[in-house]
Amino acid sequence: MWNKPWRMQEGFVIGGGLICAGLMLELAVGKVMWDAFSWPANLIVLAGFLLLALLFFLQPKSYFSRFLASYHAAVPALVYVVALTIIMGLTRQQANGTWFNDMLSFWPFVLIYTYVALILALVVLNRLSRLLRGKKKWVWRSDVPFFLNHGGILIALVTATLGNADMQRLKMITVVGEPEWRAVDDRGVVQELPIAIQLKKFILEEYPAEMEPQISADSVMMQRTPKRFASDILILTKSGKKISATVDVNQPVSIEGWNIYQYGYDTQMGAMSSISILELVSDPWLPFVYTGIWMMIAGAITMFIFGVRRKRA
């Protein structure tokens, strides 16, 4: 091992070393505190990441730099990413959970994803450099899908990670006839919002009696499941706009960077509830994530189109 040329076994060792380093960080300083990376800190981190990728790229004589841009480094890194992602998918994710229950704040998970992003950046830069220097001829059917797919994955991965620090998920209790501009986060901290919401009417629709499930004697306190619950609201903005809207469980309302979801209500009062609990989510980096996703979709489409044309030719 470590005899040149390096192969996948060295790639697995490097990835395993990052996981071990992440575990030591987890034990030493605790989970990743994303609040410390909120704007403008995440912009500084992004600039530092791009600078790091550029420094590796500008050292073509460095064997380690060339190794990072090879599939011998990429494949083992992706194996670790897939393994950790599967664990995340199989375990319930919640704030302040255990290591596997809060993977987005788990140091090994963050370091491996950062490592994959660095590899992607170097692969894209190397391909672009070869084209610009004339060492590789531009081929539409291969280069266009390559840049769309790899660039899209890189953009989505980096912006989704850094944007996690700026995402806000708040709960607001609204009362009929009373404008509310305050909401609380998961830690119970009250925050004032740039919009106010007034509940006009709470809506609850129940299933007909003949469609309700039979309740056994053992389930005395079982609550009825409503067919639909929603809120008619009035949104007030700082610019003086008044917007009427209806918020359903699966039909949020979007305004000024906030998505408003129906979350809950006074279950004791049922259809007579005079309060409605709304969830407000703000994710300013989401458009960049969607840009990366659309690039990947475009890359898949171009691969299909060029592949069909090539077969016909």
Side-chain angles (χ1 to χ4, degrees), residues 29-46 92-98 101-107 109-110 156 158-203 229-269 273-290:
V29 301
K31 67 178 184 177
V32 179
M33 301 302 294
W34 285 111
D35 290 347
F37 294 93
S38 59
W39 183 269
N42 45 17
L43 182 62
I44 296 172
V45 171
L46 176 59
R92 182 181 179 182
Q93 299 298 300
Q94 58 188 13
N96 301 319
T98 59
N101 295 114
D102 193 7
M103 291 289 282
L104 291 178
S105 298
F106 187 41
W107 274 106
F109 184 86
V110 174
V158 172
T159 55
T161 303
L162 293 177
N164 185 52
D166 287 332
M167 187 176 72
Q168 297 184 70
R169 191 180 296 272
L170 310 173
K171 302 293 189 304
M172 175 187 285
I173 299 177
T174 58
V175 182
V176 172
E178 297 181 12
E180 181 60 74
W181 65 94
R182 296 162 300 179
V184 296
D185 60 20
D186 294 335
R187 297 169 297 178
V189 178
V190 178
Q191 298 190 26
E192 293 188 1
L193 301 176
I195 59 174
I197 300 175
Q198 178 179 316
L199 178 64
K200 296 195 295 184
K201 180 185 178 182
F202 177 70
I203 304 167
F229 60 96
S231 300
D232 282 339
I233 60 173
L234 179 66
I235 305 172
L236 310 171
T237 67
K238 285 188 175 181
S239 60
K241 292 182 181 179
K242 296 183 178 180
I243 302 170
S244 295
T246 299
V247 181
D248 265 280
V249 174
N250 296 318
Q251 297 177 0
V253 173
S254 299
I255 182 170
E256 296 190 358
W258 289 91
N259 289 324
I260 306 171
Y261 296 84
Q262 179 67 50
Y263 185 79
Y265 60 98
D266 185 348
T267 56
Q268 298 297 323
M269 295 298 294
S273 176
S274 61
I275 70 170
S276 178
I277 305 173
L278 305 176
E279 183 177 55
L280 293 89
V281 180
S282 173
D283 191 352
W285 291 68
L286 194 58
F288 300 103
V289 179
Y290 282 149

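- Residue pairs satisfying the salt bridge (Lys or Arg N to Asp or Glu O under 4.0 Å) criterion with at least one member in residues 273-283, sequence neighbours excluded, are listed as follows: R169-E279, K171-E279.
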Let's go through D248 and T246 carefully: what are the C-alpha distance in whole Å and the side-chain angles of both, what is the deciding distance for side chain to side chain contact (heavy atoms under 4.5 Å, CB included) to 0.1 Å, and is it a yes or a no?
CA-CA 6 Å; D248 265 280; T246 299; 4.0 Å; yes
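- Using a 4.0 Å cut-off between a side-chain N of Lys or Arg and a carboxylate O of Asp or Glu, R92 and D102 do not qualify as a salt bridge.
- Residues F37 and N42 share a closest heavy-atom pair of O-CB, 3.0 Å.
- Every salt bridge (Lys or Arg N to Asp or Glu O under 4.0 Å) that E180 has, sequence neighbours left out, goes to R182.
- Under the side-chain hydrogen bond (donor to acceptor under 3.5 Å, both in side chains) criterion, S38 pairs with no residue at all, not counting sequence neighbours.
- Taking N250 as the reference, nothing meets the side-chain hydrogen bond (donor to acceptor under 3.5 Å, both in side chains) condition, with sequence neighbours excluded.
- Within the 4.5 Å cutoff, the side chain of L104 has heavy atoms near those of the F109 side chain.
- Partners of Y263 according to the ring pair (Phe, Tyr, Trp, His ring centres under 6.0 Å) rule, which considers only residues two or more places apart in sequence or in another chain, do not exist here.
- The nearest pair of heavy atoms linking V253 to A245 is CG2-CB, 3.8 Å.
- Residues satisfying the side chain to side chain contact (heavy atoms under 4.5 Å, CB included) criterion with N259, sequence neighbours excluded, are S254, Y261.
- The shortest side-chain heavy-atom distance between V45 and L162 falls under the 4.5 Å cut-off.
- In this structure, I173 places its CD1 atom where only 12 or fewer heavy-atom neighbours from other residues, nucleotides or ligands lie under 6.0 Å away.
- For residues 232-244, the set of pairs meeting the salt bridge (Lys or Arg N to Asp or Glu O under 4.0 Å) definition, not counting sequence neighbours, is empty.
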Throw together a table of side-chain donor-acceptor distances under 3.5 angstrom for residues 192-200, partners on residues two or more places apart or in other chains.
from, atom 1, to, atom 2, distance (Å)
K200, NZ, S244, OG, 3.2

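- Note that OG of S273 and OH of Y265 are 8.5 Å apart. Values are rounded to the nearest 0.5 Å.
- By the side-chain hydrogen bond (donor to acceptor under 3.5 Å, both in side chains) test, S276 pairs with S231, Q262, sequence neighbours left out.
- Considering all non-hydrogen atoms of both residues, P179 and L236 come closest at CB-CD1, 4.3 Å.
- Taken to the nearest 0.5 Å, the CG atom of L286 stands 12.5 Å off from the CG atom of D166.
- The shortest distance between side-chain heavy atoms of I243 and L234 does not fall below 4.5 Å.
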Candidate pair W39 and I44, rule side chain to side chain contact (heavy atoms under 4.5 Å, CB included), full reasoning
CA-CA 9 Å; W39 183 269; I44 296 172; over 6 Å; no
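- Contacts classified as salt bridge (Lys or Arg N to Asp or Glu O under 4.0 Å) and involving residues 251-262 (residues at least two apart or in different chains) are not found.
- Atom CD1 of residue I260 and atom CD1 of residue I255 lie 6.5 Å apart, to the nearest 0.5 angstrom.
- In this structure W258 satisfies the side-chain hydrogen bond (donor to acceptor under 3.5 Å, both in side chains) test with no other residue, sequence neighbours excluded.
- Two residues are said to be in side-chain contact when any heavy atoms from C-beta on lie closer than 4.5 Å; V32 and W107 meet this criterion.
- In this structure, the side chain to side chain contact (heavy atoms under 4.5 Å, CB included) partners of Q191, at least two apart in sequence or on a different chain, are Q168, L170, D185.
- Rounded to the nearest 0.5 angstrom, I233 CD1 and F202 CZ are separated by 13.0 Å.
- With rounding to the nearest 0.5 angstrom, the CH2 atom of W285 is 11.5 Å from the CG atom of N164.
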